[in-house]
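Note that the coordinates shown come from a computational prediction; the quantities given were computed from them, not determined experimentally.
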Amino acid sequence: MIITRKHITILGAGNVSTHLAKALQQAGFHIDCIFSRTQKSAAELASNLSCPCTTSVDNLPTTSDIYLFSVADEAIAHLAQSVGTRDALFIHTAGSISIDVFANIVPCYGVMYPLQTFSKQRKIDVAEVPFFVEGNNAETEQVILSIAQSISRNVRIANQSMRKQLHLAAVFACNFSNHCYSLASDILTRHGLDFSLLLPLINETSSKVTELSPRKAQTGPAIRHDENVMQQHLNLLSTDNEKKIYTIMSESIQQQK
């Protein structure tokens, strides 16, 4: 399987698809169309790329070489069935979904999973983003590998089991960490303090693990078993949810020592 025209239809207009569509276009791919269930998001991304958009599967181009599915995990299977059989390569970007979601729809399919958090309003150097790819056969896998390598310097082959573990670890490292930032912001806001006061601490914490293992970088009352300070903190927290999270996190830190 050799892709020569490099025409691609993007299904999805969210955070991931916005960054990947722009990177692919800059890498020389021709964006045939942007599909989204929401007209506003489809039109916004299409306008940035100077390409058509649609909210109807029936209006998708039929001659694209690649159909890139960058939608919610639970929507991939149904959307792929709706797009139907094509003489093209189907790729999704999900970390926890099997490539077999495309089986019996197209002969060539796979995944191109970027291990990064994306927000439309944030600029990201996609060339630095790790991508993990898999194809349903060796030839297809090499094609997907070459597509990923056209936009990133950090591309590896990874099967479904590996991607699931990466995705799980990413939830802890990114989503859960960000939720802790949100809780911290709530605590400060209740007392008239600004979240920006924590930014130097957050920046140093994230920078430190580039030189030390996370366990060696751990500080704070839990790792010191300072029960007096920990009880004071629990008394200061306003909600049962915050107290529960504080307790679970503290116990987990102590168990890892």
Side-chain angles (χ1 to χ4, degrees), residues 8-24 31 33-42 44-45 53-57 60 64 66-86 88-122 124 126 129-137 140-141 143-145 147-148 151-152 154-179 182:
I8 182 168
T9 288
I10 308 287
L11 296 109
N15 295 322
V16 177
S17 49
T18 294
H19 284 275
L20 295 192
K22 292 177 180 178
L24 287 164
I31 309 300
C33 185
I34 299 295
F35 166 86
S36 177
R37 299 291 186 190
T38 306
Q39 175 63 34
K40 181 180 179 181
S41 58
E44 180 181 343
L45 181 53
C53 68
T54 183
T55 58
S56 172
V57 172
L60 288 175
S64 294
I66 306 159
Y67 291 80
L68 183 67
F69 293 73
S70 186
V71 295
D73 290 5
E74 63 272 15
I76 296 173
H78 177 72
L79 183 56
Q81 291 286 349
S82 299
V83 173
T85 303
R86 308 268 170 140
L89 171 61
F90 278 19
I91 304 173
H92 72 67
T93 61
S96 57
I97 300 297
S98 170
I99 63 173
D100 291 337
V101 71
F102 296 136
N104 303 317
I105 301 176
V106 288
C108 302
Y109 53 88
V111 62
M112 192 171 79
Y113 167 52
L115 186 61
Q116 183 56 279
T117 176
F118 294 97
S119 296
K120 289 183 181 181
Q121 63 270 30
R122 288 277 299 171
I124 285 181
V126 176
V129 175
F131 279 79
F132 299 88
V133 307
E134 181 185 12
N136 68 305
N137 57 54
T140 299
E141 192 163 271
V143 171
I144 300 173
L145 191 70
I147 295 170
I151 60 175
S152 172
N154 189 354
V155 182
R156 307 180 189 189
I157 293 173
N159 61 28
Q160 182 187 359
S161 176
M162 294 169 63
R163 291 196 313 277
K164 283 187 173 183
Q165 296 301 325
L166 286 163
H167 191 259
L168 173 59
V171 168
F172 275 90
C174 174
N175 305 143
F176 289 173
S177 294
N178 190 73
H179 181 60
S182 181

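Contact between D73 and S96 at its shortest, heavy atoms only, is OD2-OG, 3.1 Å. In terms of heavy atoms, I31 sits closest to A21 at CD1-O, 4.0 Å. For A88 against V106, the heavy-atom pair with the smallest separation is O-CB, 4.0 Å. Of all the heavy atoms in R163 and G95, the pair that sits closest is CB-O, 3.2 Å. Contact record, N15 with F118: CB-O, 3.2 Å, taken as the closest heavy-atom pair. Minimum interatomic distance between H19 and V126 (heavy atoms only, all atoms of both residues): O-CG2, 4.2 Å.
Rounding to the nearest 0.5 Å places CD of E141 at 12.5 Å from SG of C108. The line from CZ of F132 to CE of M162 is 7.5 Å long, rounded to the nearest 0.5 Å. The line from CD1 of I147 to CE of M112 is 6.5 Å long, rounded to the nearest 0.5 Å. Expressed to the nearest 0.5 Å, how far CD of Q160 lies from CD of Q165 amounts to 11.0 Å. To the nearest 0.5 Å, atom CG of residue L11 and atom CD1 of residue I76 are 10.5 Å apart. Rounding to the nearest 0.5 Å gives a distance of 9.0 Å between CD1 of I105 and OG of S82.
In summary, of the residues considered (T18, V71, I34, L20), a side chain to side chain contact (heavy atoms under 4.5 Å, CB included) with I10 occurs for I34 alone. A side chain to side chain contact (heavy atoms under 4.5 Å, CB included) with F131 holds for exactly one of T93, N154, L145, I151; it is I151.
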Query raised in the report: Given V111 and V133, is the side-chain contact (heavy atoms from CB on, under 4.5 Å) satisfied, shown in steps?
Result: CA-CA 5 Å; V111 62; V133 307; 5.6 Å; no
Requested in this report: Please lay out, stage by stage, how T140 and Y109 fare under the test side-chain contact (heavy atoms from CB on, under 4.5 Å).
Outcome: CA-CA 7 Å; T140 299; Y109 53 88; 5.9 Å; no
Query raised in the report: Do L24 and L68 pass the side-chain contact (heavy atoms from CB on, under 4.5 Å) test, and can you show the C-alpha distance, the side-chain angles, and the key distance before you say yes or no?
Result: CA-CA 11 Å; L24 287 164; L68 183 67; 4.0 Å; yes
Requested in this report: Could you please spell out the steps behind the side-chain contact (heavy atoms from CB on, under 4.5 Å) verdict for V83 and F90?
Outcome: CA-CA 10 Å; V83 173; F90 278 19; 3.7 Å; yes
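The side-chain heavy atoms of Q39 and C53, taken from C-beta on, include a pair separated by under 4.5 Å.
Although no hydrogens or angles enter the test, the distance criterion places a donor-acceptor pair under 3.5 Å between the side chain of T54 and the main chain of S56. N136 contributes a side-chain N or O that, together with a main-chain N or O of P107, makes up a donor-acceptor pair within less than 3.5 Å. The backbone N or O of K40 sits nowhere less than 3.5 Å from a side-chain atom of T38 that would complete a donor-acceptor pair.
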Output a table of donor-acceptor pairs, distance under 3.5 Å, between side-chain atoms of residues 97-104 and any protein atom two or more places apart or on a different chain; print 'none' if there are none.
unit_1: S98; atom_1: OG; unit_2: D100; atom_2: N; d: 2.9

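Within 6.0 Å of the NZ atom in K120, the count of heavy atoms belonging to other residues, nucleotides or ligands exceeds 12.
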